Amino acid sequence: MRALPFLFSFLRPCALVRPSAALVRSTVLELAILTAHVLIYPTGILQERRPPTPPVPDTADMTVDVDTLDMLDAPSAPALRSDTPVRSDPPIRSDTPGPSDDMPGDRPPVLLLHGFIDNRSVFILLRRSLRRHGWRQVWSLNYSPLTCDVRTAAALLARHVEEVCARTGRQQVDMVGHSLGGLIARYYIQRMGGDARVRTLVTLGTPHGGTRVAPAMSAHPLVRQMRPDSEVIAELAAPAPHCATHFIAFWSELDQIMVPVETAAIDHPDLISRNVRVSGVGHLALPVHGEVAAGIRGALTAEQPAAGAAGAASVA
């Protein structure tokens, strides 16, 4: 389903001029992930069923169900580097216990939002990783493949967040959005008052500044809204002085869908944001790679920085 935009990306001149070994390895991995995802795509077509909220157990008697088949623990990990020196923010950690690690029941629910022409099946490994490490309330949302407007999808997300808060009794949630999913989540937070509900948003390969990839696909309204000159991108660039959500953006130097690759980093003076640069990982690998998953877990357990904080962080 996602083969078309992925293959179009290789029409870029940089991909045709003596690709580096890292780009070749990343491309092979992307094709393998694409093949696997096509096979599991049907499992995520339907919206997930909403289970009743489980009671929070006594942490002294708590056991974690460990799945033996977990590709997220694969030994091959990309190198992630910091763009700029870390300022007041704590570094993103992998399995180092954090302030919330000792009390998993206190963690906010996590909502997962997929990208363009995709569904919740893209998060099968990340979801498993979160549940293995103590997140008991992990939800996902499918927006219709017929959706033609980021604003419409953001309104659907707003209703879904209210439903999750009502079911769980929590006042806030955390979110992870891949590609377009991150843009929809950011629009909800920044333009629809969602910062009152969203504590942390982690984005993976999201075109925060718009992407110029695959001009031939601009016939689709959602693709046009992801262009640098779109009204949606302009709205997100507008002042947001009171936005309280903490944003963490993972971007990769080998992301062939983000043109330029730095567009997946957040650059907004009013947002509490941190950008994480990933090396050796392409666009499709971001939501399934083990080291990125470790960085996401660290981001969701890190203490929240003060308003106005910004900077970069790294995962070693």
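Quick caveat: nothing in here was measured; it's all calculated off a predicted structure.
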For the pair Arg151 and Met192, evaluate side-chain contact (heavy atoms from CB on, under 4.5 Å) and give the outcome as yes or no after the intermediate values. CA-CA 9 Å; Arg151 303 171 188 87; Met192 301 175 68; 5.9 Å; no

Got Gln256 and His283 here, is their nearest side-chain heavy-atom distance under 4.5 Å? no

Tell me, do Leu180 and Val150 make a side-chain contact under 4.5 Å, heavy atoms counted? yes

Does a side chain donor of either Ser230 or Gln225 reach within less than 3.5 Å of an acceptor in the other side chain? no

Do the side chains of Arg159 and Glu163 get close enough for a salt bridge, i.e. N-O under 4.0 angstrom? no

In this structure, are over 12 heavy atoms from other groups packed under 6.0 Å from Asp149 atom CG? yes

Check the pair Gln190, Leu271 against side-chain contact (heavy atoms from CB on, under 4.5 Å), reporting the backbone distance first and the verdict last. CA-CA 9 Å; Gln190 198 175 322; Leu271 299 184; 3.7 Å; yes

With a sphere of 6.0 Å drawn around CZ of Arg224, does it hold more than 12 non-hydrogen atoms of other residues, nucleotides or ligands? yes

Sequence neighbours excluded, every pair satisfying ring-ring contact (aromatic ring centres under 6.0 Å, His included) that has a member inside residues 185-231: Phe116-His220

Close side-chain approach of Pro228 and Thr263, heavy atoms under 4.5 Å: no

Just checking, any donor-acceptor pair under 3.5 angstrom between side chains of His114 and Ser140? no

Within a strict 4.5 Å, meaning less than it, do heavy atoms of the Leu111 and Leu141 side chains meet? no

Check: Leu236 and Leu183 side chains under 4.5 Å, non-hydrogen atoms: yes

Over 60° means perpendicular and under 30° means parallel, so tell me whether Trp139 and His160 are parallel, tilted or perpendicular. perpendicular

Could you check Leu156 against Thr152 for side-chain contact (heavy atoms from CB on, under 4.5 Å), going step by step and ending with a plain yes or no? CA-CA 6 Å; Leu156 173 64; Thr152 300; over 6 Å; no

Would you check if the side chain of Arg186 reaches a backbone N or O of Arg191 as a donor-acceptor pair within less than 3.5 Å? no

Using 0.5 Å steps for rounding, measure from the CG atom of Asp174 to the OG1 atom of Thr245. 9.5 Å

State, with a plain yes or no, whether a side-chain heavy atom of Ile248 is found less than 4.5 Å away from one of Thr203. no

Would Ser218 and Arg227 count as having a side-chain donor-acceptor pair, cut-off 3.5 Å? yes

Is there side-chain contact between Cys165 and Gln171, with at least one heavy-atom pair below 4.5 Å? no

Rounded to the nearest 0.5 angstrom, the CG-CD1 distance for Leu286 and Ile296 is 8.5 Å

Are Arg136 and Arg107 side-chain neighbours, meaning at least one heavy-atom pair lies under 4.5 Å? no

